[in-house]
Amino acid sequence: MLTTRPRGTNDFLPGETEKWQYLEDLLRTVCREFGYREIRIPIFEHTELFQRGVGETTDIVSKEMYTFFDRSERSITLRPEGTASTARAYLEHKMYALPQPTKLFYMGPMFRYERPQAGRYRQFHQFGVEAFGSSEPAVDAEVIGLAMEIYRRLGLNGLEVHLNSVGCPNCRKKHREKLQEFLIKNLNEFCPDCRERFEKNPLRILDCKNAKCQELSQGAPTTLDCLCPECGEHFDKVKGYLDLAEIKYVIDERLVRGLDYYTKTAFEIIVKEIGAQSAICGGGRYDGLLESLGGEPTPGVGFALGMERIFPTLETQGINISIEKPLDVFVATLGDEADKVGFQILMKLRQEGVKSEKDFLGRSLKAQMKHAGRFNARITIIIGETELSRGVVVMRRMDTSEQIEVSLNDVVKVVKENLF
RNA sequence: GUGGGUGUGGCGAAGCGGUUAACGCACCGGAUUGUGGCUCCGGCACCCGAGGGUUCAAGUCCCUUCACCCACCCCA
């Protein structure tokens, strides 16, 4: 159908776009204060970037990417997330030569071929930050603090920071072995999905919703049980910095991130308002990512948040972030001559930064007044033939209905005086 | 990809086999000739997501399809 948008995409209409602008401004402001600078990365990349960066076995790469061949037979993919591109750009532009850490943020559309539902779309928008070049736990905490500051300024309540550490590759290997050892005893009693997960991703068994599986996995070794001394120390320090920043968190040893690049710190910010899609923000440390893309070993930590998921949350919490402003002036005219003069005045008002409007449908004066009222105009300028012949116009204050005559030459000046 | 629910004008919502498809909001116009927010009057669905079928007759039954919602999965 020609008049139907592709599944999972959205048109954002006036009324909504103002809210997006408000959010975008807020994100940029907070980032500026935290020392994160904007990077704009391509909407599409070489497919290999995501295969390597995100991981071949992840759902995102294995079944959710929009991949196609361009006219030169290159495999191209619409970006499903922003971290891989940002890391690529960091290496490509040798940002490691800059004072470290390099702190970046991005926002924009991402694409994943998934079944749409509330809070989940095929084209959706992420805002994300990445800090490259420091393995200090304080950066992990800063990044979490940045996310929380955004939500704080939006006025959101009831957010929970879920925190875990998945350790380094060594810890992960050790944990996987211990976990499988634990699970194999009762493997046949787990649900079919979990039996599948046993080989592919045993960690996932821990957050299966099936009550039976929950029960069976009680007491299973957690990633935290298997942290090496270095990773353990890192995790403790992250918690320490979060305490210093007075950021509350809950340890969630079942929290696992789905992308291959995560190491050590993993976190999610959870909110209850959007049904099944409760993760409003997710991130962590990815010390192996840059190396896997062919760069020098470089630590990194960051997060991404789903912008679409913020709006329903705001709404159910009764928070309005609209930045729509009422109209300053409506210019109503009567007759052809007056209409021309009205148009001139309108354009002059706008040169002076006055938000102003006129009728463009040849409506009756009555209808124009009605229109002005609907726009919530503060002032209406009324121009008729009789006023025109005397070189004046009528200025009406819409709240009090007071009207005065103003000389044609002074309209703009007088209007401005009455507005400010 | 799997399971469940829904689909009537711009929005909300009746109708559940039978003449011109209620109603509310919104929108447009009018109520003596040049003035808003209240009130009153009028207008606004060759058609009930799309396609096909059953029937003398379908928005109302059946099939297919599409979209949306919820859950699984996964994630932001």
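Below, all heavy atoms of this structure are taken into account, side chains as well, without hydrogens, waters or symmetry copies.
Among G30(B), U35(B), C74(B), the nucleotide with an atom closest to any side-chain atom of Ser364(A) is G30(B). Closest to the Leu365(A) side chain, of the nucleotides A76(B), C74(B), U35(B), is U35(B).
Nearer the 5' end of RNA chain B, as judged by each residue's closest nucleotide, is the contact made by Glu385(A), out of Glu385(A) and Gln126(A). Each of Met307(A) and Lys63(A) was matched to the nucleotide of RNA chain B holding its nearest heavy atom; the match closer to the 5' end belongs to Lys63(A).
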Between side-chain atoms of residues 300-308 of chain A and protein atoms elsewhere (two or more places apart, or another chain), which donor-acceptor pairs fall under 3.5 Å?
unit_1	atom_1	unit_2	atom_2	d
Glu308(A)	OE1	His125(A)	N	2.8
Glu308(A)	OE2	His125(A)	N	3.2
Glu308(A)	OE2	His125(A)	ND1	2.8

Could you pull out all donor-acceptor pairs under 3.5 Å where a side-chain atom in residues 407-420 of chain A meets a protein atom, sequence neighbours excluded?
unit_1	atom_1	unit_2	atom_2	d
Ser407(A)	OG	Asn409(A)	N	3.2
Lys416(A)	NZ	Glu352(A)	OE1	2.9
Asn418(A)	ND2	Val414(A)	O	2.9

Table of protein N/O atoms under 3.5 Å from nucleotides 65-70 of chain B N/O atoms:
unit_1	atom_1	unit_2	atom_2	d
C68(B)	OP1	Gly8(A)	N	3.4
C68(B)	OP2	Arg7(A)	NE	2.6
C70(B)	OP2	Ala118(A)	N	2.5

Identify all pairs in which a protein N or O lies below 3.5 Å from an N or O of nucleotides 37-44 of chain B, and state each distance.
unit_1	atom_1	unit_2	atom_2	d
G37(B)	O6	Ser401(A)	OG	3.0

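Each side chain to side chain donor-acceptor pair (under 3.5 Å) pair with one or both residues in residues 44-54 of chain A, not counting sequence neighbours, appears once here: Glu45(A)-Ser85(A), Glu45(A)-Arg88(A), Thr47(A)-Ser75(A), Thr47(A)-Thr77(A).
By the side-chain contact (heavy atoms from CB on, under 4.5 Å) test, Tyr22(A) is found to be paired with Leu154(A), Ile321(A), Ile323(A), residues two or more places apart in sequence or in another chain being considered. Scanning for side-chain hydrogen bond (donor to acceptor under 3.5 Å, both in side chains) contacts around Lys19(A) gives an empty result, with sequence neighbours left out. For Thr316(A), the side-chain contact (heavy atoms from CB on, under 4.5 Å) partners two or more places apart in sequence, or in a different chain, are Glu273(A). The side-chain contact (heavy atoms from CB on, under 4.5 Å) check on Glu38(A) picks up Arg28(A), Arg40(A), Phe105(A), with sequence neighbours excluded. Considering only residues two or more places apart in sequence or on other chains, Lys358(A) meets the salt bridge (charged side-chain N to carboxylate O under 4.0 Å, His left out) condition with Asp339(A). Listed by chain and number, the residues in a side-chain contact (heavy atoms from CB on, under 4.5 Å) with Arg153(A) are Leu26(A), Thr29(A), Val30(A), Glu33(A), Glu149(A) (sequence neighbours excluded).
Residue-level contact check: Leu334(A) touches the bases, meaning some heavy atom is under 4.0 Å from a base atom. Residue Glu81(A) is out of contact with every strand shown, counting any heavy-atom pair closer than 4.0 Å.
Between Arg363(A) and G30(B), a side-chain N or O to OP1/OP2 separation shorter than 4.0 Å is absent. Listed pair Arg374(A) / C27(B) meets the phosphate criterion, a side-chain N or O lying under 4.0 Å from OP1 or OP2.
Distance noted for atom P between A67(B) and A31(B): 49 Å (whole Å).
A donor and an acceptor atom never sit less than 3.5 Å apart when one is taken from the side chain of Gln368(A) and the other from the base of U35(B).
Paired runs in RNA chain B that reach 3 or more consecutive Watson-Crick or G-U pairs, where each pair keeps both distances under 3.5 Å, cover B:1-7 with B:66-72, B:10-12 with B:23-25, B:27-31 with B:39-43, B:49-53 with B:61-65.
In this structure, Ile382(A) places its CD1 atom 9 Å from P of G36(B), rounding to the nearest Å.
Between the side chains of Thr102(A) and Gln100(A), at least one donor N or O lies within less than 3.5 Å of an accepting N or O.
For the pair Arg122(A) and Tyr113(A), the distance from NZ or CZ to the six-membered ring centre is under 6.0 Å and the angle to the ring normal is within 45 degrees.
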